[in-house]
Every structure is written in C-alpha cells, then in structure tokens.
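One structure below.
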Amino acid sequence: MALMACIGNAQAEDGYALWLRYVPLDSTLAAAYRTQLAEVVAPDDTPTQRAARGELERGLAGLLGSAPRMQVAAATGRAVVLGTPKSSPLIAPFGEEVASLGGEGYLLKRTRVGGHDVVLVAARTDIGVLYGVFHLLRLLQTGAELDTLAVRESPRLDRRVLNHWDDLDGHVERGYAGRSLWAWQTLPEWQDPRYTDYARANASVGINGTVLNNVNASAQSLAPEYLDKAAALADLFRPYGIRVYLSARFSAPIELGGLATADPLDPAVQRWWRDKADEIHARIPDFGGLVVKANSEGQPGPQDYGRSHADGANLLADALAPHGGVVMWRAFVYAHDVPADRATQAYTEFAGLDGAFRPNVILQVKNGPIDFQPREPFHPLFGAMPRTPLMMEVQITKEYLGFATHLVYLGPLYEEVLHADTHARGERSSVAHALTGMAGVANIGNDRSWSGSHFDQANWYAFGRLAWNPAQSAADVAAEWAAMTFSPDREVVQPIVGMMMGSREAAVNYMTPLGLHHLMARGHHHGPGPWVDGGPRADWTSVYYHRADRNGIGFDRTARGSNGIAQYAPAVADRYGDLTQVPESLLLWFHHVPWDHRMASGQTLWDELIRRYAQGVRGVDEMQRSWAGLRGRVDAQRYAQVDAFLRIQRREAQWWRDASVAYFQSVSGRPLPEGEAAPPHPVAWYQALQSPSAPGDGR
C-alpha cells in the first residue's frame, strides 16, 4: 500500500490531489511520527466512520511510508484512537470533554488510554471525528509537534457552503476551470469517483454544504429527473458531512406545475411548494434547502406580484420548515429603474424587512455593496439586520480578478471584510459577528487541477478554513496550504506565502486602485474597460462608477452626493464621509476628488493614481522573481504552469496599466508624473481590443 501511495503521488503532480497529497515526509520526521502513530484504533460501523478510518490510513501510509496497523476496539501499543463516546469504549471516559464541542467539533489530545500512550481524536459525532482526522493529518503534513498535542475545535459559523454556478448543460457561469463537475447526463447510474474526492476535499476544510446549480436557475432543477440525480450526489456526500442544496427558480410553479401564477400569497402556489418540498425530502432526507435569486437581473420574484422579498422567502420557508430546511435568499438585487447609486439598493430593499422573515430564512449578502470587486467596503446590511440571520457571499472564482491565470490569493480579501468593524453595537462589532454562515461561489470545474490553476486551489482552501474560523490569519492559512500543496520546507513555504499575501494588493493596484471599481470590460469582465458606456443600463458601465472628468474622479457617496454613507452606523459613516479620515484604499469609492488633491504621500491624486498602477505591475514582477527562485524545489510540471501563468499575468497587468492610464489621461488632460512611461498606444487602440474567447460568460 505504501509503495502504491508513493507511486500514485509521483504521478499526481498535476494538481488533482489538491492539498491532500500525502507525499512522504522527511525521513527523520516520519520515523518520529511512526513511533507514535503505528496503530489506528477506530470503529467502522457507519459510512462516516469508514471515511474517517480510511482517510487516516491513506494519509499515514503516504506520509510515513508504511501503513498503520488497523484495529477496531483495543490498542496494543502507541496508537491513534478515533471515535465518539457512543462508538468507542476507549473514548467514553472523555465524554465530558467533548460534550461542549457541538455536533461538528472535535478534540485532539495526547494522553494515556488503557496503559498506552495515544493520540486521541474524539468528538460527539462521527462527522466531528472526521474533521478531527483531517486536522491531525494537516498537523503531520506541516511537521507539527505532537508531544504536547491539545486541540479543541468547533466551527464558528453553522453553514459553510459552496455555491456552484453550474447549468444543467454543463456550462459554468463565471467558471474558469472547464465544464461542470456534475455529469448530469450519466447520473444517477454512474457516480464518478471524482465526486467522492470532491467531498473529501471539502470535508478537509470544514465545508458542510454544496449548492449544485446556478442561482440563475432553471426550473428543471426541481423536476423529478434531476431530483433523482441530486439524490445520488447527496448519498455520496453524506458520509463527509456535506448537505445538498438547490437553487430554485421562483416561477417554477408556472413552468413545472402548470399554474397561472407564482404569487406567494396564492394558496395553490403555497400548496405546490409544500408538495415540492415533500418530494425533495422523500429523495434527500437531509436536504439543506433552497437558494433563491429573485427580482434581480431579470429573474422572476415576488415583486412581480406586488409582494415583498419577505413574502417570497417566507413562502418557501414555510414549505421547508417541517423538514428542517432553510431558504438562503440572496440580497443581490437590481431594480428595474437605474438608481442614483447602485451600491445603496440592497440596503434600501432589505433593511426595512428586518424581523419580517421566518426563522429559517437566511439573507445571503455579498461581501460588498456592488459585485465582488477587487476591493469594496463591507456591505452596509452587515450589522443593520440584527433580527435576521445573515450569510456572507464571496466569490472564490475570480470573475473580476483575472480569471484562473492571475495569481490572486483571496484570503486577505476575506479577512479584510470579516474583520471590518460595523460599529452596529459599539466598537468591535465585526462583520464576522453578524454572520451565521458563509457562501462561496465555487471556482471548481472538470479541469484536472479542479480550479484552473494551482494557486487558485488556495482560494477554495482559504474559504473553507476562514468560514470555519473567521478569526484565523490569512497568512497562517496560506502557510498551511503552501506546506501541504508544495512542500513543508521553510525555504519553499516562505517565498510562496510572500507571493500570496502580496498578490491581492498588486491586483487591486493594476486594476482598481484607490477605491475605483467596476472598470472591467463589458460582459465577460476580462481586461480593462474604464471607457465602457451606454448599453441597457447605466449601472452596468464603468463611467457610471468612476465619474472621471477634467476636474477629478470618484463616486460621491457623502451627504453632498448619493448619501450612501448614511446606510452605515454613524461611526463608520463619519469616517468614510470625511475626506481626511477615509482610508485611501477606499477614497474614490466614497468621494469625487480633484486631481490636485494632496495624498498622504505628498503627491497629487493624479500622480498617486498613475504610480499605483505601476506599483501593481511591479508586484507581479516580484512574484515572478520569487517563483523563479523556487526552480528545482517545486516539481517541474507545476512549476512550468505557474511560471507560464505568471507571464500571462505580467502581460495583462501591463495591459491594465497602459489602457487605464491612456484613458484617464485622455479625460484629465494631465501630463504623466516624472519617470512614468507613456502607454505605447493611444486610448482608441485599447478600446478596439476584443476578447472573443474569454471564458465563463455566454455560451
């Protein structure tokens, strides 16, 4: 088994194994671990118990070079002991210690059991044990000391869910890693082994839910044929603690049920949804619930019938409540009429409904008030709805951040928002404290590396780890991932973490510095488009957001402008609304500022803006130098792809810089700062460029 594990890992450096590679450790370290972990005592009566037992056996065989002795009941020497007080008599004496850990928590402890030194992996439930096994393997992969092992872990957020924007025909909206992982045409009969590897990867970082289909949902997702397919996936995921959810189209009673209306107050509509909930749960007893995008970007919803978002959400909540299901109702909305400020609409529509939703409705709110931009302030709904459960929705897929080819680690973005202080209940009222869960728009496809590039795997990993514990450091999470994905060698981990931690700020600088936002090309969002104007909606254009003219640039959201700042708590509004206090990273988000405005650096806004673009390009140069220093320390196959993608990123970062500078100079009429090279082409040249092969949008 150990030999086969080594052979498998030698052939698997294409990224498929993710951070679960389990390659042999340094011989000295492996020998030390073998003396402590030579035996595994674990029950195998349930699917989750077998998953935990099998994962530990697989991991130890790969990491230590030999398979452990597997026992069911008693330890004969130094061992790893798994179980719950109910499943293992060896764990029963520790019942009080695990009682407070909740249904998903676990205890890792070095102790003595039956006269033997053991490493204990104990929990109240089987799934807690599985999470504990993955934590133990993570410690081994990163070379942690076990002699004083004492870990108590429970998730801070209840729901940690991936949202797959996958269509039934295999297309993935905003997907940059191939086609959908779900082969609907062969389900339920053929259950690809990759589905189990997907479940393993999610469980390893604590993700406990998956939404199988696009929020721009087809009603067919709820048809019996597709419910049978979803049920097959639910059966595969259940041992790993992952519940299946589905996106629902609000007009499904018309399209599937033949009704004349989808009015949430109509008794026939209410009856149809109750029957549909019964039908789903007959197939999937632990079905998680429904996700709904309504009255946004053309999707049907309760406002079509003069009803509120609460009316629509409560309709579905009432249908699901007898089964314990929830409704995750998205707060990403577009009015039919273009508002004075796009950023204010969600708050305007939802804040007044606080307390009007059923207890099993969770409002799913994007991290910022626009749309997954490289940087946004936190959404004003966080902290504004104390009587409504909230989930934060983030993108793991990089719709506005260079797709799969740009190295942009999103851990710092998630951390920045989670730690932001809403001041809703005085100081230290962080966004994280307002949440019951997190949803991440998945970056997973059928690409062999899962996410389209090796470094994009880190964003999937970071989402899970930070959803489990929002207080964790993004840098620490990056170090874990780098050690498991590439090598625990400090001389490999340190430069990789340096690349990762600087990458998001570099992208912000070469794309949208100083609080600029929504400057991407129309539709596919690939490449720069600060000149984008016209079309069906003003708030789908770049000029709507940057408002650059001869005098200055930025969107005025102070009391003199849209007064968007009034949607924040007074302490936050005062800071954002004051030109002397607002962070420069959000300056142009909240203020229209003269080009001659003096920045903290002493430069004018114009000079600072141009230099920030150049700084972003230099950030990519630094990443390239760091990666070049790892030649020979990283396997050749992955090294070559990352190297190629960094060259793409460098070229496109320069494109961003040159096109943006050319455009804003054409608007401002100002000379470039000394030492800054003029763009090689006039702005019209950049405007004429097309990206017909940009993936992830359209068909």
Side-chain angles (χ1 to χ4, degrees), residues 33 36-37 40-43 48-49 51-53 55-56 59-60 75 78-114 116-160 202-208 240-241 415 418-419 430 432-433 435-438 461-477 479-481 483-484:
Y33 283 151
Q36 304 172 71
L37 310 171
V40 172
V41 182
T48 300
Q49 289 174 5
R53 180 186 175 102
E55 194 70 34
L56 188 57
L60 293 180
R78 304 183 82 177
V80 186
V81 178
L82 313 182
T84 69
K86 290 183 178 180
S87 69
S88 169
L90 300 180
I91 301 294
F94 300 91
E96 288 189 13
E97 286 193 66
V98 300
S100 62
L101 292 174
E104 295 178 300
Y106 53 85
L107 169 71
L108 304 182
K109 184 177 182 178
R110 185 73 182 272
T111 188
R112 291 185 65 80
V113 171
H116 301 292
D117 287 326
V118 303
V119 171
L120 204 70
V121 183
R124 282 179 49 192
T125 66
D126 288 345
I127 189 59
V129 174
L130 179 62
Y131 288 151
V133 163
F134 279 116
H135 191 138
L136 177 61
L137 289 170
R138 183 162 60 243
L139 294 175
L140 301 181
Q141 287 175 278
T142 54
E145 174 62 62
L146 298 184
D147 287 342
T148 58
L149 179 64
V151 174
R152 292 177 61 86
E153 282 273 343
S154 295
R156 306 284 180 87
L157 302 179
D158 294 335
R159 283 181 171 78
R160 307 169 303 276
N202 282 326
S204 76
V205 293
I207 291 170
N208 65 359
Y240 293 89
E415 183 180 50
L418 287 165
H419 292 182
S430 71
H433 288 144
L435 304 179
T436 64
M438 280 179 66
Y461 182 89
F463 168 79
R465 296 287 285 133
L466 292 174
W468 177 277
N469 179 5
Q472 289 186 104
S473 156
D476 290 346
V477 170
E480 287 176 1
W481 176 83
M484 292 188 288

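What you see is a predicted model; the values in this text were computed from it and never measured.
- Judged as a salt bridge (charged side-chain N to carboxylate O under 4.0 Å, His left out), and not counting sequence neighbours, the contacts of R160 are E104.
- Contact record, A52 with V129: CB-CG1, 4.4 Å, taken as the closest heavy-atom pair.
- For the atom pair CD1 (I91) and CG (L82), the distance works out to 7.5 Å, reported to the nearest 0.5 Å.
- Within the 3.5 Å criterion, the main-chain N or O of T148 finds no donor-acceptor partner in the side chain of R110.
- Considering all non-hydrogen atoms of both residues, G464 and I207 come closest at CA-CG1, 3.9 Å.
- Taking each heavy atom of L60 and L137 in turn, the nearest pair found is N-CD2, 4.3 Å.
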L149 vs L139, side-chain contact (heavy atoms from CB on, under 4.5 Å): CA-CA, chis, key distance, verdict: CA-CA 10 Å; L149 179 64; L139 294 175; 3.7 Å; yes
- Begin with the C-alpha distance, continue with both residues' side-chain angles, and end with the deciding distance and a verdict on side-chain contact (heavy atoms from CB on, under 4.5 Å) for V121 and V81. CA-CA 6 Å; V121 183; V81 178; over 6 Å; no
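- Under the ring pair (Phe, Tyr, Trp, His ring centres under 6.0 Å) criterion, H135 pairs with Y106, sequence neighbours left out.
- Note: F134 CZ to N202 CG = 10.0 Å, rounded to the nearest 0.5 Å.
- A donor-acceptor pair is defined here as one N or O able to donate and one able to accept, closer than 3.5 Å; no such pair exists between the side chain of T84 and the backbone of A123.
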Query raised in the report: Stepwise, does the side-chain contact (heavy atoms from CB on, under 4.5 Å) test hold for E480 with Q141?
Result: CA-CA 9 Å; E480 287 176 1; Q141 287 175 278; over 6 Å; no
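- Taking CG of N208 as the start and CH2 of W468 as the end, the distance is 8.5 Å to the nearest 0.5 Å.
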Report task. Step by step, work out the side chain to side chain donor-acceptor pair (under 3.5 Å) result for S204 and R138. Result -> CA-CA 9 Å; S204 76; R138 183 162 60 243; over 6 Å; no
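- Side-chain contact check for L136 versus V119: some heavy-atom pair is nearer than 4.5 Å.
- Residue H433 places its NE2 atom among 12 or fewer non-hydrogen atoms of other residues, nucleotides or ligands, all under 6.0 Å distant.
- Atom OG of S88 is separated from atom CG of L120 by 8.0 Å, given to the nearest 0.5 angstrom.
- Going from atom CG of L140 over to atom CD of Q36 covers 9.0 Å, rounded to the nearest 0.5 Å.
- Enclosure of atom CD in E96 is not indicated, since only 12 or fewer non-hydrogen atoms of other residues, nucleotides or ligands lie within 6.0 angstrom.
- Y240 meets the ring pair (Phe, Tyr, Trp, His ring centres under 6.0 Å) test with no other residue; sequence neighbours excluded.
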Query raised in the report: Is there a side-chain contact (heavy atoms from CB on, under 4.5 Å) between L418 and M438 once you walk through the steps?
Result: CA-CA 10 Å; L418 287 165; M438 280 179 66; 4.0 Å; yes
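- Heavy-atom minimum distance, S87 versus P43: OG-CG, 3.7 Å.
- For the atom pair CZ of R159 and OG1 of T436, the computed distance is 7.0 Å after rounding to the nearest 0.5 Å.
- With a 4.5 Å cut-off on side-chain heavy atoms, L146 and L37 count as touching.
- You'll find the side chain of P85 stays beyond 4.5 Å of the side chain of R124, heavy atoms only.
- Of the possible donor and acceptor atoms, one in the side chain of Q472 sits under 3.5 Å from a partner among the backbone N and O of R465.
- A pairwise comparison of heavy atoms in A79 and A75 identifies CB-CB, 4.2 Å as the closest pair.
- At least one donor-acceptor pair under 3.5 Å links the side chain of T125 to the backbone N or O of G103.
- The minimum heavy-atom distance linking P470 with A432 is given by the pair CB-CB, 3.8 Å.
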